[in-house]
Amino acid sequence: MPELPEVEITRRGIEPYLTGKRITGVRVSERRLRWPIPLDLAARVTGRRIVRVVRRGKYILIDCSANGHAGWLILHLGMSGSLRIMDARAKAQPHEHFDLLLGKRLLRLRDPRRFGAVLWEGGEIARHPLLAGLGAEPLEDAFTGKLLHAATRSRKAPIKLVLMNASIVVGVGNIYANESLFHARIDPRAAAGRLSLARYEALAAAIKSTLKRALAAGGSSLRDFVHSDGSSGYFQQQYCVYGRTGLPCRVCRTPILQLRQGQRSTFYCPACQK
DNA sequence: AAAAGGCCCTGGTCGC
DNA sequence: TGCGACCAGGGCCTTT
């Protein structure tokens, strides 16, 4: 379930407990995630010092490089994953599949649906197959309406599906795709290749502000990161369209409609979004 | 090349 | 009360 804001808040929450620390081992209780946790992971990471923790799309990347030898732990939370910092003595509960041991503390992955991932990359991180094809980071300055417009000229697919395509822009899942299109007043069914540059500029701005608002809402949970139950899910927020089928539009009172696009639910206001 | 559908997985909700 | 059906979701993979 986590989208970019949730992943970024998680990264910020764990970063202070990881950076500079020595990895003392791993504990794996369930190897079968989205892909199996590599059998040789313990041998790869044990003894390495964590240099920094970064994010690319929804991937959390733990840099363990040392004197010219690249090494990265790749984490993905899937839909139901969460990470917590815990005391090293804490016993694993059901669905807690993986620990990164850090001496007195550990980083624990809980993921009931097991769509998440724990992988290792010993070379250049940007060339990892899961990362190499990723599109623009929506919160970076390089992400603009112009970029979206250029990337969609040949696309006949509905704009909502294009927004959720990680090879174009990363981190925008179903919730924020719906919300961003509402704020940009764009019909989610509109063919991506037929939207004007001006409309893409409105859309890029809406994506940035929607994600930033969610980040701000999640920031309040940072202080309690170690103590929280880690099941934060989505931040307490008022959505405009997501999950509001039949309820009045917050702007014009028209009932919100729901439809299916790419086997996923779309929510929109038929009056505001054209 | 792009689009559409399948698949992975489990917790929660709903109807019978 | 219990059970099965169904939905949610990211993202890769295969097929069209």
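Here is how names work: the chains are called A, B, and so on, in the same order as the sequence lines, proteins then strands, and each is numbered from 1. The model shown is predicted, which means the values in this text are computed figures rather than measured ones.
Comparing B:dG6, B:dG11, C:dG10 by their closest approach to the side chain of A:Q263 singles out B:dG6. The side chain of A:S265 approaches C:dA8 more closely than any other nucleotide in the set B:dG11, C:dA8, B:dA3.
Computed from coordinates, the A:L33 CG to C:dG10 P distance equals 18 Å when rounded to whole Å. Nucleotide B:dC7 holds its C1' atom 16 Å from the CZ atom of A:R32, rounded to whole Å. Rounded to whole Å, the distance from CG on A:L161 to C1' on B:dA4 is 10 Å. With rounding to whole Å, A:I168 atom CD1 is found 10 Å from B:dA2 atom C1'. One interatomic measurement links the two molecules: CD of A:E96 to C1' of B:dT10, which rounds to 16 Å at whole-angstrom precision. Between A:R56 atom CZ and C:dG10 atom P there is a gap of 17 Å when expressed in whole angstrom units. Distance A:Q261 CD to B:dG5 C1': 15 Å, rounded to the nearest Å. Rounded to an integer number of Å, the gap from CD1 of A:I159 to P of B:dA3 is 11 Å.
Contact check, A:S154 against B:dA2: a side-chain N or O comes under 4.0 Å of OP1 or OP2. Contact annotation: A:R114 does not reach the phosphate of B:dC8 (side-chain N/O to OP1 or OP2, under 4.0 Å).
Although no hydrogens or angles enter the test, the distance criterion places no donor-acceptor pair under 3.5 Å between the side chain of A:R34 and the main chain of A:G116.
Below the 3.5 angstrom threshold, one finds a donor paired with an acceptor across the side chain of A:R113 and the base of C:dA8.
Residue A:R260 is classed as a sugar-phosphate contact, given heavy-atom separations below 4.0 Å to backbone atoms only.
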Base, backbone or nothing for each nucleotide of nucleotides 11-16 of chain C, written B, S, -, heavy atoms under 4.0 angstrom, 5' to 3'? BS----
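Separation of atoms CD (A:E201) and CG (A:L147) is listed at 11.5 Å; rounding is to 0.5 Å. Rounded to the nearest 0.5 angstrom, A:I74 CD1 and A:W35 CH2 are separated by 9.5 Å. Taking CZ of A:R84 as the start and CG of A:L109 as the end, the distance is 12.0 Å to the nearest 0.5 Å.
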Take A:V118 and A:V26, measure what side chain to side chain contact (heavy atoms under 4.5 Å, CB included) needs, and give me the verdict at the end. CA-CA 11 Å; A:V118 178; A:V26 303; over 6 Å; no
Output, in order, the C-alpha distance, side-chain angles, deciding distance and verdict of salt bridge (charged side-chain N to carboxylate O under 4.0 Å, His left out) for A:R52 and A:D63. CA-CA 5 Å; A:R52 61 198 163 125; A:D63 184 1; 2.9 Å; yes
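Between A:E96 and A:K91 there is no salt bridge, since none of the side-chain N atoms of the basic residue sits less than 4.0 Å from a carboxylate O of the acidic one.
Closest-nucleotide positions on DNA chain B for A:H95 and A:G262 were compared, and the one nearer the 5' end corresponds to A:G262.
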